[in-house]
Amino acid sequence: MAPLNNLPWTFGTNVEGKLTSTEVLTEAGLTWGVRKEPLVAHLTLPDGSTSDYTVRGKYTMTRDDINAVIGIVGKNYRGVPNLECSALLDSFAQEAEAKFEYAGSIGNGERVWFKVNLPKTIRIKDSEEIVSFSLMLTNAFNGSKSLEMHLVPILNSQAVTLNTNTHMADTMAIRHTNMYDTHIKEVRKVLRMSDTYFDSLGEMWNNLADIPIGKDKFQEVLDNILPLPMADPETGEQPNIKRAEAAREKLQELQDIQNETNPFPNTAWSTFIAIANYSDHERTFKKRKDEAGSQDELRLISVLEGTSQNLKNKAIDILLGK
């Protein structure tokens, strides 16, 4: 079996055993609120004097317990405070029999997230390969995202996520209100969509386990998802060639491990698991200019909606011959 790694949310607070979202918020230190205020620029004038200027149409989102600005947003933006997410989280726990597992924040609280386990698993072609499912609710106070729900399949035996959106959306915006009945309707809509998503994934994964992957096909996959840099037409130099070659060697190593240990060796399934291991654990996760956080925090963003997921999307298309 391939060596185990940490799943991307384990840097957060473990809230297993908590029965309500209020308990989760308290345990994870997320009971703070936010306030929205006009953005004021502090200007230094040519004569050396200073002046404060209110920026039209721009507002700050300020975390009220530490008075830290965690976002700059437009006039129509309304951040959903953590406490207001409670009813939605409790509705998921009630309707889907979901169990709270982890919760946390990124940076100073620019993003807040909650993970719950669902009582849903898929067995790949009657083997020991079992995929479980989680829901992750993410909330951004920097205006970059709405309140969103991510459906995350996990191959627990190797601590890798298998979320792709090549054929069906795995992420959806959640309409937020203060009305309990509306929350229940929204949750049931998400769960109906998730059932279709799970069934579609199960069919796709079983198909992957039937597709043989030889050396030539793996080379095609490698050239598509981790291509070598193009040579400069004048100098013939290939920028970052050593980094690209090291990445390809690592993926080849992971592929070799899967072909020795996976119940479906030399198939598109074992290749996809090798790529998932690479994308979740071996890459360097870079900050975007609007993001703050540790490598662990950036990895979580990448797995849910960034380059890690994009790499899996590209791989699935190639493995399925799309």
Side-chain angles (χ1 to χ4, degrees), residues 4-10 12-25 27-28 30 85-104 112-139 147-165 167-175 180-206 208-209 263 269 272-273 276 280 300 303-304 309 312:
L4 296 183
N5 296 288
N6 289 329
L7 284 160
W9 39 78
T10 52
T13 301
N14 188 317
V15 293
E16 290 182 89
K18 303 302 178 185
L19 300 179
T20 69
S21 60
T22 300
E23 294 175 323
V24 169
L25 292 173
E27 181 71 14
L30 299 173
C85 289
S86 297
L88 186 60
L89 287 166
D90 287 329
S91 297
F92 271 103
Q94 174 185 326
E95 290 292 305
E97 299 180 3
K99 305 294 183 183
F100 297 112
E101 187 183 23
Y102 281 93
V112 174
W113 56 269
F114 306 88
K115 178 183 180 294
V116 297
N117 286 332
L118 294 175
K120 175 77 174 179
T121 60
I122 291 177
R123 186 183 296 271
I124 308 302
K125 295 183 71 69
D126 298 322
S127 71
E128 295 303 312
E129 293 276 78
I130 297 176
V131 180
S132 62
F133 289 87
S134 292
L135 285 169
M136 291 197 68
L137 180 72
T138 63
N139 189 22
L147 193 64
E148 289 185 340
M149 185 64 65
H150 304 261
L151 300 167
V152 186
I154 306 152
L155 183 61
N156 287 318
S157 65
Q158 298 194 42
V160 292
T161 61
L162 307 180
N163 51 317
T164 60
N165 58 13
H167 63 308
M168 184 172 292
D170 66 339
T171 301
M172 58 205 76
I174 304 297
R175 186 163 61 96
Y180 177 76
D181 289 344
T182 303
H183 276 153
I184 292 295
K185 291 178 181 178
E186 192 74 7
V187 166
R188 288 175 178 169
K189 180 184 74 174
V190 170
L191 293 177
R192 284 195 301 272
M193 295 175 67
S194 69
D195 284 341
T196 303
Y197 176 71
F198 297 152
D199 292 342
S200 178
L201 282 181
E203 181 180 354
M204 180 180 71
W205 292 334
N206 283 325
L208 291 178
W269 171 257
F272 180 55
I273 300 306
D280 279 10
L300 178 61
V303 165
L304 291 181
Q309 188 192 54
K312 295 170 197 169

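Here the closest heavy-atom approach between residue P153 and residue F133 is recorded as CB-CE2, 3.4 Å. Of all heavy-atom pairs between K312 and L162, the closest is NZ-N, 4.4 Å. The shortest non-hydrogen separation linking A103 to F114 is CB-CD2, 3.7 Å. Between A209 and I124 the shortest heavy-atom distance is CB-CG2, 4.3 Å.
Put simply, NZ on K99 and CD on E97 are 7.0 Å apart, with the number rounded to the nearest 0.5 Å. Between I154 atom CD1 and T121 atom OG1 the span is 12.0 Å, to the nearest 0.5 Å. Within the model, atoms CG of L147 and OG1 of T138 stand 7.0 Å from one another, a figure rounded to the nearest 0.5 Å. The CG atom of N117 sits 8.0 Å away from the CG atom of N156 when rounded to the nearest 0.5 Å. How far CG of L135 is from CG of L137: 9.0 Å, rounded to the nearest 0.5 Å. Here CG of N6 is found 11.5 Å from CG of D280. Values are rounded to the nearest 0.5 Å.
In summary, of the residues considered (D90, L89, L30, V15), a side-chain contact (heavy atoms from CB on, under 4.5 Å) with V24 occurs for V15 alone.
Defined by atom type and a distance below 3.5 Å, a donor-acceptor pair is present between the side-chain atoms of K115 and S134. Checking W205 against E129 by side-chain atom types alone, no donor-acceptor pair falls below 3.5 Å.
Counting heavy atoms from C-beta on, the side chains of L300 and M136 come closer than 4.5 Å. Using a 4.5 Å heavy-atom cutoff, the side chains of V160 and F272 are not in contact.
Atom CD of E23 has more than 12 neighbouring heavy atoms from other residues, nucleotides or ligands inside a 6.0 Å radius.
Side-chain N or O atoms of N163 include none that pairs as donor or acceptor with a backbone N or O of L151 at under 3.5 Å.
For S127, the side-chain hydrogen bond (donor to acceptor under 3.5 Å, both in side chains) test picks out no residue, with sequence neighbours left out. A search for side chain to side chain contact (heavy atoms under 4.5 Å, CB included) contacts involving E16 returns N14, E101, not counting sequence neighbours. Residues passing the salt bridge (charged side-chain N to carboxylate O under 4.0 Å, His left out) test with K18 are E27, sequence neighbours excluded.
In summary, K120 and D195 do not engage in a salt bridge, as defined by a charged side-chain N under 4.0 Å from a carboxylate O.
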Going through the distances and angles, do L7 and Y102 end up as a side chain to side chain contact (heavy atoms under 4.5 Å, CB included)?
CA-CA 11 Å; L7 284 160; Y102 281 93; over 6 Å; no

Apply side chain to side chain contact (heavy atoms under 4.5 Å, CB included) to the pair L304 and E148, showing each step before the final yes or no.
CA-CA 11 Å; L304 291 181; E148 289 185 340; over 6 Å; no

